[in-house]
Amino acid sequence: MIIKQHGMVSLSIVSFLLIASLLFSLASSKQVFYQIKRAQNTILERQAFWNAEGGLECAFTELKQKNIKPTESAFSHACHDLAPSSSLMINSYPDVGEHTEYQLISRYSHNGSIQEINKSIGYGGGGVLSTIETSASIELTGSQHFVPNKTEDKASDGKYKCKSVVSGGTVNYVASISGTDEHFFTVDSTTSGHGGGGLGAPSFACNSAYLSNLFDPAKPPSAFSITPVKGGDILENETVDVFKALFNKDISEYASVREDIKNDTVGVVIGGNASDKTSGGWVKNCHTKVDNAYKNGKRRIWIDGSCALTGAIFGTAIESSNDEAVQLIVFNGVLFTKAVTYFNGILYQYVNTSFNVQTAWEDLFDQNSDIGVLPGGFHKHDIVTLGYDQMPFLAEGSVYIDGGVGIDAIGRTIKINGSIIPSYNKGKVTKHSTQLKWEKGSWHDF
């Protein structure tokens with residue numbers, strides 16, 4: 001009997017141990033299963049995180065390559081190489097309008113894992129915001145039809161508050177002695193019957209208060225019997241810094257911009273050696289050197305010193321695309337253009353306040369055999385009497401411009417004398433200067 005009782009005790013103990021072992025195994029299995037599921041969720045969460053972060057990089061690359069802002073319709077808001085749009089969506093804040101800084105927001109959602117990441121991007125070097133922008137005064141002679149920047153601002157009638165000229169001084173029209181039917185005229189869709197830009201009539205309408213028609217009242221153009229009108233599209237006595245607007249840098253940092261252009265595959269620096277110039281600082285045969293550079297595929301052209309240009313050296317038409325847009329920079333010298341005919345892009349000139357303009361013009365006449373282009377509107381003895389000693393920029397003859405003109409020449413006057421038809425084109429203005437970057441605070445902030 002005692003033996004049977006011992007057997008029952010042993011069996012009970014063994015059964016208890018087996019049950020305990022089984023329960024422990026079940027608990028362990030549940031814990032292992034939990035750990036496996038937790039590891040899987042962690043992996044999915046990290047995948048979601050990296051996909052969201054990859055979306056930001058993808059969006060940044062698209063914006064940079066297309067040279068656009070995230071509020072523009074050309075932005076895809078997706079990255080199909082990384083994930084379908086149903087899983088990955090990229091947006092921005094603000095989500096409308098033109099701004100210099102945005103928050104890029106990348107949201108990835110898949111298999112219950114959701115990650116949203118945002119980083120700041122900034123735009124510098126937006127370029128000029130009017131057809132001509134200069135810190136100098138402007139003297140207009142001849143016949144000019146300006147297609148303005150329509151801007152994003154609208155008046156109460158829904159029409160645009162257009163900008164054609166921004167000047168740090170004054171804007172004046174001076175009729176030529178022998179010319180007829182001459183005036184400065186702002187062209188929009190309502191006045192396109194009288195003229196248009198290089199790509200035809202503009203499709204937008206400016207508010208009537210932002211349209212100008214300048215001429216000599218004693219010699220009114222035949223198509224108009226009204227008095228001259230200087231509209232809101234012409235801004236005077238403004239603070240202007242074109243270099244800053246183009247490159248988002250102070251003029252004291254010009255060497256870094258010059259070096260950037262020099263190292264660009266489509267960039268070139270002309271006039272860098274003293275032997276390339278006359279004693280008065282004119283680049284010898286500048287028009288030929290620029291012509292050769294353009295034919296060799298250079299589209300960012302930096303010129304050290306004064307330069308005289310003539311002929312169809314920038315192509316033979318206004319281009320419908322921005323692909324061949326030129327960034328022409330004339331640094332600390334006089335710029336004289338004579339019947340250049342066509343120019344696609346941004347023309348920029350810088351003139352130091354201490355630069356001797358009179359000496360430069362005198363040198364043009366004295367050493368013209370090395371320069372190759374002579375003005376048709378004045379002679380050497382006219383430089384002071386006609387005020388050219390204060391005019392570092394002179395455009396003569398006919399030319400179509402599609403893009404913009406920016407000139408830093410504080411205290412000076414630029415003169416446009418001829419049949420000049422410039423049109424504002426943001427894409428061509430910013431083709432080589434819009435600088436997109438990650439702002440401070442992103443993972444690129446080292």
Side-chain angles (χ1 to χ4, degrees), residues 66-75 94-100 102 123 125-134 138 140 143-167 171 183-214 229-236 238 240 242 245-246 318-322 325 342-348 399-407 416 420-434:
K66 291 182 178 179
N67 194 25
I68 58 174
K69 293 187 175 181
T71 51
E72 296 184 44
S73 59
F75 181 47
D95 57 1
V96 294
E98 290 269 341
H99 307 277
T100 58
Y102 298 85
Y123 287 82
V128 298
L129 298 176
S130 59
T131 314
I132 289 184
E133 194 165 314
T134 178
I138 302 175
L140 303 164
S143 185
Q144 295 100 32
H145 295 166
F146 274 51
V147 177
N149 175 12
K150 66 182 179 67
T151 76
E152 296 300 319
D153 296 328
K154 292 183 178 181
S156 57
D157 62 357
K159 296 181 179 179
Y160 291 97
K161 297 180 178 181
C162 299
K163 281 186 182 180
S164 58
V165 177
V166 176
S167 170
V171 179
H183 63 148
F184 168 97
F185 192 64
T186 309
V187 179
D188 70 349
S189 61
T190 67
T191 59
S192 59
H194 187 68
L199 293 175
S203 59
F204 59 87
C206 303
N207 176 268
S208 59
Y210 292 83
L211 293 170
S212 295
N213 189 7
L214 306 179
V229 176
K230 185 181 289 184
D233 62 307
I234 297 178
L235 302 177
E236 299 176 295
E238 296 286 310
V240 176
V242 180
L246 284 174
I318 292 299
E319 303 287 344
S320 58
S321 75
N322 304 332
Y342 297 100
F343 182 81
N344 296 272
I346 177 69
L347 186 159
Y348 172 74
V399 60
Y400 280 90
I401 298 173
D402 196 56
V405 176
I407 300 174
I416 297 174
I420 315 296
I421 302 177
S423 304
Y424 182 81
N425 187 320
K426 177 188 174 183
K428 292 179 182 179
V429 166
T430 61
K431 168 69 176 177
H432 302 288
S433 62
T434 297

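In what follows, residues are counted from 1 in the order of the sequence shown.
Rounding to the nearest 0.5 angstrom, the gap separating the CZ atom in F185 from the OG atom in S143 is 10.0 Å. Once rounded to the nearest 0.5 Å, the distance linking CD of E152 with OH of Y160 reads 6.5 Å. With rounding to the nearest 0.5 angstrom, the CZ atom of F75 is 14.0 Å from the NZ atom of K69. A distance of 7.5 Å separates CG in D153 from NZ in K163, rounded to the nearest 0.5 Å. Going from atom CG of L235 over to atom OG of S164 covers 8.0 Å, rounded to the nearest 0.5 Å. A distance of 8.0 Å separates OG in S203 from NZ in K150, rounded to the nearest 0.5 Å.
Contact annotation: the side chain of Y102 approaches that of T71 to within less than 4.5 Å [non-hydrogen atoms, C-beta and beyond]. Proximity of L129 to Y424: side-chain heavy atoms (C-beta onward) are separated by under 4.5 Å at one or more points. When side chains are defined from C-beta on, L214 counts as touching L140, because their heavy atoms get closer than 4.5 Å. In this structure, S167 and E238 have side chains that are not in contact, with every pair of non-hydrogen atoms separated by 4.5 Å or more. Using a 4.5 Å heavy-atom cutoff, the side chains of F146 and I132 are in contact. With a 4.5 Å cut-off on side-chain heavy atoms, V405 and V128 do not count as touching. The shortest distance between side-chain heavy atoms of P148 and F204 falls below 4.5 Å.
Minimum interatomic distance between Y400 and I318 (heavy atoms only, all atoms of both residues): O-CD1, 3.7 Å. What you find for V242 and E133 is that their closest heavy atoms are CG2-O, 3.5 Å. Nearest heavy-atom pair across N207 and A155 is ND2-CB, 3.4 Å. When all heavy atoms are compared, the tightest approach of K159 to A205 is CB-O, 3.5 Å. The shortest non-hydrogen separation linking E319 to L199 is O-CD2, 3.8 Å. The minimum heavy-atom distance between L211 and C206, with the atom names listed, is CD2-CB, 3.7 Å.
Put simply, the side chain of S423 never gets that close to the backbone of V147: no donor and acceptor are under 3.5 Å apart. S189 contributes no side-chain N or O that, together with a main-chain N or O of P202, makes up a donor-acceptor pair within less than 3.5 Å.
Residue Q144 is tested with V165, I420, T131 for a side chain to side chain contact (heavy atoms under 4.5 Å, CB included); the sole match is I420.
Residues satisfying the side-chain hydrogen bond (donor to acceptor under 3.5 Å, both in side chains) criterion with T186, sequence neighbours excluded, are D233. The side-chain hydrogen bond (donor to acceptor under 3.5 Å, both in side chains) test applied to N149 returns no partner, not counting sequence neighbours.
No hydrogens or angles considered: nothing links the side chains of N322 and K431 as a donor-acceptor pair under 3.5 Å.
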